[in-house]
Visitor: 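Quick one: the structure is below, and I'll ask about it shortly.
All of these numbers come straight from a predicted model, not from anything done at the bench. Order of appearance sets the numbers: ligands from 1, and atoms from 1 within every ligand.
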Amino acid sequence: MRAKRSGRRAPRSGDPLWGALAGISGAQNLVAEASRLEEYSEDMAGFRATPAIVVRPGSEDEVRRIVSLAGRRKIPVVPRGAGSSLTGASVSKGAVVLDMRRMDAVLKVDTVNWYVSAQAGITLEDLNKRLEKDGFFFPPDPASSSICTVGGAVAEGSGGLRCVKYGTVKDWVLSLRVVLPNGKVASFGEPLAKNRAGFDLVHLMVGSEGTLGVVTEACLKIIPIPAAKPKRLLLTFDDWRSASDAISQLKASKIMPHMFEFLDRETIQAINKNLSTSEDEAEATLIVDIEEPSLGAATEIFERNGARKVVMAKDANEEEAFYQIRSMAYLAIRGLGKAVQVEDIVVPVDRLGEYLMKVKEIAAKRGVKILVNGHAGDGNVHPVILYDEDDKKSRAAAFHAFEELCRYGISVGGSITGEHGVGTQKAKLLREQMKAHEGEEALRLMKEIKKVFDPEGIMNPGKYVEAA
Ligand SMILES: Cc1cc2nc3c(=O)[nH]c(=O)nc-3n(C[C@H](O)[C@H](O)[C@H](O)COP(=O)(O)OP(=O)(O)OC[C@H]3O[C@@H](n4cnc5c(N)ncnc54)[C@H](O)[C@@H]3O)c2cc1C
C-alpha cells in the first residue's frame, strides 16, 4: 500500500501520532497548531500545501525513528531546510515535515584532506563563516546562502554566482549519511579525494529533492581562500547580440571568469527604482570577475564587441556595490509589487543571445512582462515573469509564457532547470525534456530507482521523477 496523501488533520496533544513523535523528539520540538504550521505551508515561490505536523529532530537517531514510524503508518515524510526552494519541492499536504535546522553542527574541518563534515541543517553562510577561520571556503554560493541549508542545497544540487568557475554543489560532495525510507541509516561515499568503489550513490542523492531519503550529514570538499582576488568589471551593451557575442568569445578565448552574470534593462530599472541606485539603464549589463593576467585580453574582447562602458571596480566597496546589483535583483523585482515567477532555464552558452531575444518575443506575444537576469558563463537564464495574481487572464498568460520558455529551451538543446530543480512545478516538463533528448529509458530507470529506495512511496511523494 502506498502512502496516504491527503485529508490528514493536524494531530494534537493526545493524538497517537503526536504522542509518538513527542516521545521521539520532545513535545517542545513539534509544531501542530494551525497558526505555526503556516510557516511550513509555503515555499519561497508561493507553492502551498499544509503538512499534518512538523518535527524538529535533534539527532540522526531521531530522524531514523521518525522515518520508521512514518513508514509503519504509511504517512508521507518531507525533509525540509529553510523552505527556500522555488518549485513546490518542500511542501506536502498531510505530511510529517522534518525541519532539519536543529542539526546544525560542524563535525570536522580537515585542513590536510580538505573537507568539512557537517550536519544537514547548518546554513551555507554559517558553514563558510566557520571555514574562514581556517582560511578555507565551500565555493557553491546560491543567492539564498544566508538561509539555505547544506541538506537543502545537496538535495537541490544548487548553483550560484561562482559556479562558472567552481561548478555546482554536485561537484563538491564526497560522502553523505542518509536515513532511507525503510528507516535504515546508509553511508554513501568516502571522504577521499578519489574513490572508485561501487555505483555513485552520492550523486544519485545530490539533486534527489528529498524523494530518496533524508540527508543527516554531508562531507563536502573545501579549498583554501585564494590569496589574490580577481578584478570585478561592470559592462554595458546596447543590444543582446553584441553582449552574447562578447560572452561566447570570452569563453572561446579560454579565459576562466570567477563570476559572469547578466541583467537586462528592466531589471536595472527595477534596481534603480527600489534600491535608490543610478546604474546605466543599458539594454544589457554584464558583471564579471577576471584574474589580473587575463584582464587586458578580456577588456579587448568586450570593447571589440561593442561594449559602451567597461568599468573596473576601484576598491572593495565598489566591488561589493557591483555584486549587490546582481544579488539584489530578485528583491528589487519583487518590490515592483506584482506577482513574480522566477524561472531557471539553461541553454548552451553559444545559444544564449538567441534565447534572450526569444524571451522578449514570448513576452510580447503573451502580453506579459518578463525581466531576465542570470549566469552568463553557464548559459543559465532566470526569466522573471510578472503578472497580476487576481486576474485570471494574466495568470494564464504567465503560465503559457513559462511553458513556452521551457519548451524553447529544450528545443535548443537546453534544460528546464540548472539550479532550482523540478518539484511539482516542472514534473510534466521534465518528461518532455527527457523525451526530446532521448532520455525516455533514463526516466524509466529513474522511476524504478525511486521504487527501490522507497517502495511504500512515503518520501516526499507525488513530485519530481515520480510525477514526470
Ligand atoms: C531569494 C532566493 C535566491 C535563490 N538563489 C538560488 C541560487 O542562486 N541558486 C540555487 O541553486 N538556488 C537558489 N534558490 C533556491 C533555493 O534557495 C535552493 O534550492 C536551496 O538550496 C534550498 O535550500 P533549503 O534549505 O531552503 O531547502 P528546502 O527548500 O527546505 O528544500 C528543498 C528540497 O530539498 C529537500 N531537502 C531539504 N533538506 C533535506 C535533507 N536534509 N535531506 C534530504 N532532502 C532535503 C526538500 O525535501 C526539498 O525537496 C534561491 C531561492 C531564493 C528564495
Side-chain angles (χ1 to χ4, degrees), residues 39-40 42-47 49 51 54 57 60 63 67 76-92 95-104 118-127 140-163 167-170 176-181 205-218 259 261 326-334 340 342-344 346 373-375 378 380 382 384 417-425 453 459-465:
E39 184 196 334
Y40 296 93
E42 199 167 83
D43 69 8
M44 291 195 185
F47 285 91
V54 178
E60 182 181 87
V63 175
V67 172
V77 187
V78 181
R80 183 173 166 118
S84 69
S85 79
L86 300 166
T87 61
S90 56
V91 291
S92 208
V96 173
V97 166
L98 295 173
D99 177 344
M100 298 297 290
R101 289 174 296 181
R102 275 181 71 218
M103 293 176 59
D104 63 352
Q119 287 184 309
I122 189 170
T123 66
L124 291 187
E125 186 172 279
D126 285 348
L127 184 78
D141 58 341
S144 52
S145 289
S146 64
I147 52 169
C148 78
T149 61
V150 162
V154 168
E156 288 290 346
S158 294
L161 275 61
R162 287 195 287 242
C163 292
T168 65
V169 166
K170 121 170 116 37
L176 297 169
R177 282 183 69 85
V178 180
V179 173
L180 298 170
M205 287 306 297
V206 177
S208 61
E209 301 190 7
T211 62
L212 299 181
V214 186
V215 174
T216 54
E217 283 175 31
M259 176 179 93
E261 300 292 306
R326 173 64 182 89
S327 70
M328 297 303 279
Y330 179 64
L331 286 181
I333 295 168
R334 288 202 71 144
V340 299
V342 190
E343 272 321 313
D344 172 40
V346 188
N373 62 72
H375 313 292
D378 310 319
N380 192 181
H382 294 310
V384 186
T417 176
E419 306 184 323
H420 298 171
V422 171
T424 47
Q425 183 202 20
F453 270 71
M459 193 58 67
N460 209 359
K463 297 176 190 167
Y464 194 24
V465 165

Visitor: Does Thr211 approach ligand 1 within less than 4.0 angstrom via side chain, backbone, both or neither, non-hydrogen atoms only?
Guide: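 Near ligand 1, Thr211 shows nothing, with every heavy atom at 4.0 Å or more.
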Visitor: For ligand 1, indicate whether the residue Glu156 contacts it via side chain, backbone, both or neither (heavy-atom separation under 4.0 Å).
Guide: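 Contact part for Glu156 vs ligand 1: side chain (C-beta onward).
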Visitor: Can you tell which part of Lys463 has a heavy atom less than 4.0 Å from ligand 1: side chain, backbone, both or neither?
Guide: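 For Lys463, no heavy atom sits under 4.0 Å from ligand 1.
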Visitor: With heavy atoms only and a cut-off of under 4.0 Å, state how Glu419 meets ligand 1: side chain, backbone, both or neither.
Guide: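 Both backbone and side chain of Glu419 come within 4.0 Å of ligand 1.
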Visitor: So which of Val150, Val215, Asp99, Asn460 gets nearest to atom 42 (N) of ligand 1, if we judge by its closest heavy atom?
Guide: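 The residue whose heavy atom sits nearest atom 42 (N) of ligand 1 is Val215.
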Visitor: Is it the case that the side chain of Lys463 and the backbone of Ala89 share a donor-acceptor pair, with hydrogens and angles ignored and the cut-off at 3.5 Å?
Guide: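 Looks like yes, one N/O pair under 3.5 Å.
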Visitor: Work out whether the distance between some heavy atom of Asp43 and some atom of ligand 1 is less than 4.0 Å.
Guide: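 False for this residue.
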Visitor: With a 4.0 Å heavy-atom cut-off (strictly under), which part of Ala89 contacts ligand 1: side chain, backbone, both or neither?
Guide: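 The part of Ala89 near ligand 1 is both the backbone and the side chain.
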Visitor: Is the His382 ring parallel, tilted or perpendicular to the His420 ring (thresholds 30°, 60°)?
Guide: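 Taking His420 first and then His382, their aromatic rings lie parallel (interplane angle under 30°).
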Visitor: Before signing off on this row, confirm whether Asp141 and ligand 1 have an N or O atom pair separated by under 3.5 Å.
Guide: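 Such a contact does not occur with ligand 1.
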Visitor: Between Glu39 and Arg101, does any side-chain N to carboxylate O distance fall below 4.0 Å?
Guide: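 A salt bridge is present here (some side-chain N lies under 4.0 Å from a carboxylate O).
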Visitor: Could you tell me whether ligand 1 has any atom less than 4.0 Å away from a heavy atom of Ala45?
Guide: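 Outside the 4.0 Å threshold, so no.
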Visitor: Which bit of Leu161 is near ligand 1, meaning a heavy atom under 4.0 Å away: side chain, backbone, both or neither?
Guide: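 The answer is neither.
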Visitor: Using side-chain contact (heavy atoms from CB on, under 4.5 Å) as the criterion, point out the one residue from Arg80, Glu156, Glu209 that pairs with Ser85.
Guide: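 The side-chain contact (heavy atoms from CB on, under 4.5 Å) with Ser85 is passed solely by Glu156 among Arg80, Glu156, Glu209.
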Visitor: Short question: side chain of Asp141, backbone of Arg162 - any donor-acceptor pair under 3.5 Å?
Guide: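 Yes, Asp141 side chain to Arg162 backbone: donor-acceptor pair under 3.5 Å.
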